[in-house]
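Notes follow the structure.
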Amino acid sequence: MTLLISSITMGLILSLLALGVLISFRILAFRDLTVDGSIALGGAVAATLLSAGWNPWIATLAACLAGAVAGATTGVLATRFSINGLLAGILVMTALHSVNLRVMGKSNLPLMKETTVVTLAQSFASADSRWSFSRWEMPVQDACVAVFVVILISVVAIGMLAFFRTNLGLAMRATGDNDAMIRALGVEVGWMKTFGLALSNALVALSGALLVQYQGFADVQMGIGMVVWGFASVIIGESLIGSKFIGYLLAGAVMGSILFRLLVAIALRWGLNPNDLKLVTAAFVFSALVMPSLMITVKKRFAI
Amino acid sequence: MLEIEQIRKTFHPGTPNEVRALQDVDLRIEPGSFVIVIGMNGSGKSTLLNAVAGSFFVDKGRLKLKGQEVTLWPEHRRSKFIGRVFQNPFTGTAPSMTIAENLTLAAKRGCPRGLGWALSSSTKSELRERVYAMGLGLEDRLDNAIGSLSGGQRQSLTLLMAGLLKPDLLLLDEHTAALDPKSADQVIRLTEEMIRRDKLTTLMVTHSMHQAAYLGDRLIMMVRGRIACDIQGSEKQRLKPEDLLARFEDLRREELLDETAAAMLQRQYV
Ligand SMILES: Nc1ncnc2c1ncn2[C@@H]1O[C@H](COP(=O)(O)OP(=O)(O)OP(=O)(O)O)[C@@H](O)[C@H]1O
Ligand SMILES: [Mg+2]
């Protein structure tokens, strides 16, 4: 039970990453690799500020802002300097590795007695109170954290849903869908992409900040492969929901993230070597990317 | 309305594939006139429209719209004045967004876009009316993705989007060329209606001699990046497709003559 709830909580925290990736990957059609750096940046900023005694909400917000700046940098490189989008992301991601080390001052920063948003959520219950369902038993504090994260994700998702129905949000979606068209309607595509990437990476950094507070430590390596996790969640979500409408996409990304995290927990339980996890994830995303076109080819073969 | 002064555009200058797409083109278009542009493939018709819309900056010369110099304005800024329909039905609409969403995007052409609600119920009923007035039967499908429509339907909607805010200048680049004859006729009918009703200043490129002869009140023919003839007023009113074909034939002969003359000169002097 504890394992289940912690996997779900983890999946929820990482669903912010998935929502961020959804903005860049699906809405802007921009393959943004900044993510690996900005999730660690969010973690680094939050952990550093927390251990300096800052209010956890402000520390978390600061992490978001840092992520937004990182995303905007990628946007500026890609649109103002016309660098290939993938390369722009790689450049910023690489630079962020040094930035994160600078921010933290070392490669690993534990959070011991600091007040974090997670300890604030836990403080709604006493440390030794437990819920039990027949054979299962779980600390109430874990449930408090899960509920807190659910509320937070709901607020973010509803905010995004509302944003994508405003004039600005609609223009952002059109930027990814058909940039020639939206340019002819008076939108500066470069600015819109930069703004979208800032938004996307702010969410990713928020995910990193929460992750750090949940795990109780920040590590410069924590971002490695995260962008692929984001892709995986978005892709799973799409196949679960099967609709291109924006509300469904958002719900799908969250569900995809949770499901993916559960799959990982099950695989590890069944004896998957944790060291192989990233390889398996990459293989999964690869097959999800090629499967649709492969299916079409196969169908054509059999049709003839 | 539109003043084009001596504009020039060369693609890939100084390389073997240098193309002089526009060579010192001069053109003045009065408000409310409907100008047809014809010419052979590669004669620079699209380049002319792109230069006006701001898809690129011209190498030389000046462009004025509504009395304002716009030569160095980027495309998104000029869109305040310009409505556009492209040759490819896929270029004018965002396929994964709904009909209503595409139309609201167009309803904000050239305006700043803020956090206001894009599709309030009043906007939606207004849009429904506009779509209903086109008579395509799409008014009940406003929430369908535009990608699910046929090319003709998409092009009609693009036309509606371009004309939604009564643009000061409407640019149509062979907007019926990719459609089947029936849809093309329908789109042309809608185009004519809209231009007449809203008195839109229009620049329309076409390959159809029929359209060229019977539509518009002025016709320009482009040859190798230049305006080769400009027919207006009563002469345009009397113009028949046969006359245009005859003119085309003349021009081709002249060009052929040019080429053989050049070949002769080369043989003699090289
Ligand atoms: N972006 C570009 N880059 C390089 N060359 C270009 C570009 N756009 C147009 N050209 C060239 O400029 C010349 C004029 O092209 P343009 O598209 O204006 O012709 P057109 O009159 O519209 O022809 P068509 O009837 O085939 O549409 C052509 O030789 C074309 O190859
Ligand atoms: Mg053309």
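These numbers were taken from a predicted model, which means no experiment stands behind them. First the proteins, then the strands, lettered A, B, ... as listed; each starts at 1.
- At a threshold of 4.0 Å, the pair B:D59-B:R8 does not count as salt-bridged, since none of the basic side-chain nitrogens sits closer than that to a carboxylate oxygen.
- For a residue to count as touching a neighbouring chain, one of its non-hydrogen atoms must lie under 4.5 Å from one of that chain's; by this rule A:I246 does not touch chain B.
- The contact between B:K108 and chain A is made by backbone and side chain atoms together, counting heavy-atom distances below 4.5 Å.
- Heavy-atom distances place no part of B:A53 under 4.5 Å from chain A, backbone and side chain included.
- For the pair A:R173 and B:E101, the salt-bridge criterion is met [side-chain N within less than 4.0 Å of a carboxylate O].
- The shortest distance between side-chain heavy atoms of A:R26 and A:F231 does not fall below 4.5 Å.
- Ranked by heavy-atom pairs under 4.5 Å with chain B, the first of A:T166, A:L168, A:V187, A:D179 is A:T166.
- Of the residues considered (B:L119, B:L165, B:L105, B:N102), B:L105 shows the highest number of contacts with chain A, using heavy-atom pairs under 4.5 Å.
- By the 4.0 Å N-to-carboxylate-O rule, B:R130 lies too far from B:E126 to be salt-bridged with it.
- Counting heavy atoms from C-beta on, the side chains of A:M192 and A:T175 come closer than 4.5 Å.
- Looking at B:L2 and B:K64, their side chains never come closer than 4.5 Å, going by heavy atoms from C-beta outward.
- The one candidate from B:L203, B:T202, B:T201 that meets the side chain to side chain contact (heavy atoms under 4.5 Å, CB included) condition with B:V35 is B:L203.
- B:F90 touches chain A through its backbone: at least one of N, CA, C or O sits under 4.5 Å from a heavy atom, while the side chain does not.
- For B:T98, the part sitting under 4.5 Å from any heavy atom of chain A is the side chain, from C-beta outward, and nothing else.
- For chain A, the option among B:G110, B:G147, B:G114 with the highest count of heavy-atom pairs below 4.5 Å is B:G114.
- Looking at B:N88, there are no atoms closer than 4.5 Å to chain A (heavy atoms on both sides), in backbone or side chain.
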